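So the structure is just underneath, and the comments pick up after that.
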Amino acid sequence: RGEERGAAMSPPAQPGVPGGRGSKVPPARKLLCMCSLSLCLTYLCYSLMGGTGPAALRSPPPPAPRAPRRLRRGPPTAAGPGRRRLPQALIIGVKKGGTRALLEAIRAHPDVRAVGTEPHFFDRNYEKGLEWYRNVMPKTLDGQITMEKTPSYFVTNEAPRRIHSMAKDTKLIVVVRNPVTRAISDYTQTLSKKPEIPTFEVLAFKNRTLGLIDASWSAIRIGIYALHLENWLQYFPLSQILFVSGERLITDPAGEMAKVQDFLGLKRIVTEKHFYFNKTKGFPCLKKPEDSSAPRCLGKSKGRTHPKIDPDVIHRLRKFYKPFNVMFYQMTGQDFQWEQEESDK
Ligand SMILES: Nc1ncnc2c1ncn2[C@@H]1O[C@H](COP(=O)(O)OS(=O)(=O)O)[C@@H](OP(=O)(O)O)[C@H]1O
């Protein structure tokens with residue numbers, strides 16, 4: 001490597017002035033000139049092809065795994081000091097539970113760095129390898145925690161095994177929300193992209209007359225939390241999983257954030273001082289941070305107005321979920337009180 005470097009760095013001989021005086025050029029000198037000339041030509045070609053100078057010749061960039069364009073942008077810290085590490089904590093679900101709100105809130109903590117986008121490593125991008133995954137992560141200093149959120153992990157069969165094989169002490173966070181409201185939120189998102197889909201009422205049933213719920217419809221299946229949790233408990237102890245209430249994340253964000261920071265072993269820095277309730281948005285937002293950027297409410301895709309669903313369908317769905325919810329409360333030792341909610345948004 002050192003030799004390659006030396007050769008490339010030596011300035012090429014002047015073309016057209018091979019030996020100086022006349023044609024009496026010693027063969028060794030001739031050879032050196034030819035080598036220099038060919039180096040110059042190679043360099044010229046390389047430059048024209050988009051090389052970045054002598055350094056490009058010396059050590060062509062390694063075929064580093066490339067993150068999708070939107071991931072490559074990275075957080076503001078990407079160029080700063082520190083190094084990229086695999087995440088020590090993951091927000092694994094659930095879709096439409098409030099995972100974005102949680103990630104943005106925990107990112108306000110100085111000892112946390114997180115990827116803004118969802119890497120989908122343990123479901124869609126696993127074959128790209130751990131180095132690809134590491135390169136997606138922001139740089140962290142010693143003592144800072146690296147995090148990411150991909151809500152589909154919670155319902156991915158292979159995810160627990162894969163995460164366990166990366167690091168068996170990975171801390172897992174699941175934001176859970178009333179599965180009926182979650183299903184409607186999920187449907188609302190799909191509807192916003194595909195307005196032609198059938199109504200929620202149609203999709204929710206295999207046979208509406210018989211009251212047979214279609215549990216294979218992903219909007220419904222995702223909410224059977226007990227079923228999915230069972231899969232995770234094959235690999236991780238319950239103490240390594242934190243369940244955050246999606247409802248309380250809206251009504252008492254600071255309270256839920258205290259639990260999250262305790263779980264991650266962090267000082268409680270994100271407190272009620274960080275939040276304000278934005279009446280227009282109808283949600284808590286993060287206050288203007290000290291770096292004077294604007295206050296941060298989540299975008300338009302969060303807090304969409306849900307379509308009005310037939311109350312009878314809501315009632316049937318509540319009945320459908322009840323035993324699974326009870327099982328989930330037993331498994332986690334937490335009562336999320338979804339049975340007591342009078343109406344779904
Ligand atoms: N602070 C704050 N601001 C806005 N929205 C908030 C907030 N806290 C929780 N939520 C709820 O988060 C729901 C979206 O959940 P996710 O972020 O997990 O969705 S996603 O899976 O990433 O698409 C979103 O669901 P919908 O209301 O159905 O859009 C919100 O109810």
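Each ligand, and each atom within it, is numbered from 1 in the order the structure gives. Just so we're clear, the structure is a prediction, and the values are computed from it rather than from any experiment. Residue indices begin at 1 and follow the sequence shown.
Under a 4.0 Å heavy-atom criterion, L249 is not in contact with ligand 1. For E104, the closest heavy-atom approach to ligand 1 does not fall below 4.0 Å. For the ligand labelled ligand 1, residue I250 lies inside the 4.0 Å heavy-atom shell.
In summary, D111 and K267 do not engage in a salt bridge, as defined by a charged side-chain N under 4.0 Å from a carboxylate O.
Minimum interatomic distance between L103 and A114 (heavy atoms only, all atoms of both residues): CD1-CB, 3.8 Å.
Contact of the N325 side chain with the P323 side chain is not registered, since no non-hydrogen atoms from C-beta on lie closer than 4.5 Å.
Relative to atom 30 (C) of ligand 1, the option among F283, F275, F277 with the closest non-hydrogen atom is F283. Of the candidates R182, K95, R100, K302, the one placing a heavy atom closest to atom 20 (S) of ligand 1 is K302.
Here is the list of ligand 1 atoms found below 4.0 Å of a heavy atom in K149: 22 (O). Using a 4.0 Å cut-off to heavy atoms of Q189, the atoms of ligand 1 that qualify are 23 (O). Set against the non-hydrogen atoms of E118, the atoms of ligand 1 under 4.0 Å away are 22 (O). Of all the atoms in ligand 1, the ones that sit under 4.0 Å from a non-hydrogen atom of G98 are 12 (O), 15 (O), 16 (P), 17 (O), 18 (O).
A ring pair (Phe, Tyr, Trp, His ring centres under 6.0 Å) with W338 holds for exactly one of Y329, F324, Y321; it is Y329. For the side chain to side chain contact (heavy atoms under 4.5 Å, CB included) test with D310, the passing option among R316, R208, H315 is R208; the others fail.
At a heavy-atom cutoff of 4.0 Å, ligand 1 is contacted by both the backbone and the side chain of T99. Heavy atoms of R248 found under 4.0 angstrom from ligand 1: none, in either backbone or side chain.
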Kindly list each side-chain donor-acceptor pair under 3.5 angstrom involving residues 210-223, sequence neighbours excluded, with atom names and distances?
{"unit_1": "D214", "atom_1": "OD1", "unit_2": "S216", "atom_2": "N", "d": "3.0"}
{"unit_1": "D214", "atom_1": "OD1", "unit_2": "S216", "atom_2": "OG", "d": "2.6"}

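At under 3.5 Å, not a single nitrogen or oxygen of P151, backbone or side chain, sits near a nitrogen or oxygen of ligand 1. Of the polar atoms of S185, at least one N or O is found under 3.5 Å from an N or O of ligand 1, judged by distance alone. Looking at P284 next to ligand 1, an N or O pair under 3.5 Å apart turns up.
Note: W232 and Y225 fail the aromatic proximity criterion, with ring centroids not under 6.0 Å apart.
Pairs engaging residues 148-163 under the salt bridge (charged side-chain N to carboxylate O under 4.0 Å, His left out) rule: E118-K149 [sequence neighbours left out].
For the residue pair Q189 and K96, a side-chain donor N or O sits within less than 3.5 Å of a side-chain acceptor on the partner.
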